[in-house]
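These numbers come from the heavy atoms of this one structure, side chains and all, not from hydrogens, waters or symmetry mates.
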Amino acid sequence: MKFAHFADVHLGYHKSDALKRLEKYAFTHSIDRCISDNVDFVLMCGDIFHNNIPDMRVQKMAMEQFRRLYDSGIPVYVVYGSHDFSPISNSVIDLFVAAGYMIKPRGVALESGNIGLDFITDPKTGAKIAGLGGLKVGRDRDYYENLERTPLESESGFKIFLFHGGITEMMDTIADDGMPVSLLPKGFAYYAGGHMHEHQNEHFSGYNHVVYPGTLFAGHSSDMENSAKGQRRGFVIVEFDSTVKSIDFIDVPTCDYVLIVVDADMQTSDHVQDEITTKITSISTNDKVVILRIFGELLRGRTTDVDLRAVRQQLLDNGAIDVIIHRREFTSKEYDIRGEPAGTMEEVEIKTFQDNIKQISMKRDHLIGDRGVTLAQSILSSTRIKQPDNETSADYAHRISSDVISRMELDV
């Protein structure tokens, strides 16, 4: 018996046509592999989509692939990720669940105030599946602290726990949205995680096989840089009977990468421009995704004096599939945020939030610092959801404003 474990697919993240095609290829190729390997079921542990209601192109593509699994008799067990979840509106995942293409473990509020979880028994293998998805930004651990563990831990059989959140013991640095492994219920055979974008498989006392498959292709622009450094992308297939027998990481090849790093610290803008030009002309970038990372503070000149748009166009003219420019840590003494147009949209947004949130004094911890930046990104993502054709402008405005208020945890 065997199952596949996915997380952080982030369908709909990419904007360029070239990366959209690679995103689709990575997903459809992975579904091909699940069907050809005849897995018994599939686990999707959050952030399947980059937004809770992605555009129709993404929904249609995903529907076609999940229909293939359904027609092959392969059930899909799913929990929300932080990107799939909206505090006041449904997710497209709920549509897939209603259509029978996905099965979502159920949680209930108990009279004690704790949270109870029910097991789902996979009909083919007898595996028992429970889970709790990613909910509010940085607040997931509140739910785990109130989880009713005794029924979960005393249940017999081969048990799988699905979750979406960072485990602090598996992080390089302690993040605000992390939680200790001790908050998970003990004694499960397999812990299927999502949220951390690098494949990991760790064991702790009482917790065997705490596994993250990592992102399938790239859920953030930084994933591209890590791919260029050799970080593997794919999913895992797990063989089991009464215990886990093997965990195999399945590489999903999409493209080759080239990473170009430029240290601009104590340099002039002219020197940085010349260094970039020299580096991009000395390497082959044909049919590759190019990641250009620039960091450091210029000694003289403005960051906008470095013509990154011309650099991008030159690389595309030389046959690059796409160009990702990381310049969040590229500054100058003459830096003025209002006149800074270059970089990816995500980088400009994060930089803007980081620079401005430092000037704000608030008593609510989740509105400041790194958590505040993450929350601001989440709110901005919410406001980008397109208005459906069958929804009035007033209803659309009310839904978006209610979503933002709920994400900020405000009482109005």
Side-chain angles (χ1 to χ4, degrees), residues 1-11 13 22-48 65 68-69 72 74-79 81 122 125 127 129 131 134 158-167 169-172 181 184 188-204 207-220 222-241 243-257 259 289:
M1 298 181 290
K2 56 188 172 183
F3 62 85
H5 172 195
F6 291 82
D8 302 289
V9 183
H10 286 276
L11 295 174
Y13 173 80
L22 292 176
E23 179 182 85
K24 179 180 179 180
Y25 170 79
F27 188 57
T28 56
H29 177 80
S30 300
I31 300 302
D32 289 343
R33 180 65 183 267
C34 290
I35 294 172
S36 65
D37 276 25
N38 195 29
V39 300
D40 293 294
F41 56 86
V42 171
L43 308 178
M44 292 275 178
C45 296
D47 287 355
I48 302 171
Q65 299 309 313
R68 293 176 61 208
L69 291 172
S72 300
I74 302 173
V76 177
Y77 301 100
V78 60
V79 291
D122 179 67
T125 66
I129 300 166
F158 183 89
K159 299 183 295 184
I160 302 173
F161 189 81
L162 279 58
F163 70 100
H164 186 92
I167 299 299
E169 291 91 339
M170 300 172 71
M171 292 177 166
D172 292 332
V181 71
L184 300 177
F188 281 64
Y190 187 88
Y191 295 85
H195 183 64
M196 294 169 64
H197 284 201
E198 181 180 7
H199 171 52
Q200 297 185 65
N201 176 10
E202 297 290 346
H203 300 261
F204 305 95
Y207 303 92
N208 287 325
H209 303 298
V210 182
V211 179
Y212 291 92
T215 187
L216 187 62
F217 175 44
H220 297 290
S222 59
D223 294 334
M224 292 287 188
E225 182 171 334
N226 289 329
S227 295
K229 294 176 181 177
Q231 196 172 96
R232 300 167 72 187
R233 297 286 174 238
F235 64 103
V236 298
I237 291 181
V238 181
E239 292 197 28
F240 70 101
D241 45 32
T243 60
V244 171
K245 296 301 182 185
S246 65
I247 300 175
D248 295 321
F249 184 83
I250 309 301
D251 286 286
V252 178
T254 51
C255 61
D256 292 326
Y257 299 88
L259 174 62
V289 172

How far apart are the closest heavy atoms of [X] and [Y], and which atoms are they?
X: Cys34; Y: Ala4; result: SG-CB, 3.7 Å
X: Cys45; Y: Val79; result: CA-CG2, 3.9 Å
X: Glu225; Y: Leu259; result: CG-CD1, 3.8 Å
X: Pro213; Y: Gly193; result: CD-O, 3.4 Å
X: Ala189; Y: Val244; result: O-CG2, 3.6 Å

Hey, what do you get for [atom1] ([X]) to [atom2] ([Y]), rounding to the nearest 0.5 Å?
X: Phe240; Y: Ile160; atom1: CZ; atom2: CD1; answer: 6.0 Å
X: Thr254; Y: Leu22; atom1: OG1; atom2: CG; answer: 5.5 Å
X: Ile35; Y: Leu69; atom1: CD1; atom2: CG; answer: 5.0 Å
X: Asp251; Y: His199; atom1: CG; atom2: NE2; answer: 9.5 Å
X: Ser227; Y: His197; atom1: OG; atom2: NE2; answer: 11.5 Å
X: Asp40; Y: Asp122; atom1: CG; atom2: CG; answer: 7.0 Å

Would you confirm whether [X], through its side chain, and [Y], through its main-chain N or O, come within 3.5 Å as a donor-acceptor pair?
X: Glu202; Y: Met170; value: no
X: Arg233; Y: Asp223; value: yes
X: Ser72; Y: Ile74; value: no
X: Asp8; Y: His195; value: yes
X: Tyr77; Y: Ile129; value: no

Just so I know, are the side chains of [X] and [Y] near enough to count as touching, which here means a heavy-atom distance under 4.5 Å?
X: Phe217; Y: Val9; answer: no
X: Phe6; Y: Val76; answer: no
X: Val238; Y: Val211; answer: no
X: Phe235; Y: Val252; answer: yes
X: Glu198; Y: Asn226; answer: no

Would you call the rings of [X] and [Y] parallel, tilted or perpendicular, taking 30° and 60° as the class edges?
X: His203; Y: His209; value: perpendicular
X: Phe3; Y: Phe41; value: parallel
X: Tyr13; Y: His10; value: perpendicular

request  = Could you check Thr125 against Phe158 for side-chain contact (heavy atoms from CB on, under 4.5 Å), going step by step and ending with a plain yes or no?
outcome  = CA-CA 9 Å; Thr125 66; Phe158 183 89; over 6 Å; no
query = What about Tyr191 and Tyr212, are their ring centers closer than 6.0 Å?
reply = no
ask   = Taking atom NZ of Lys2 as the centre, does the number of heavy atoms from other residues, nucleotides or ligands within less than 6.0 Å exceed 12?
value = yes
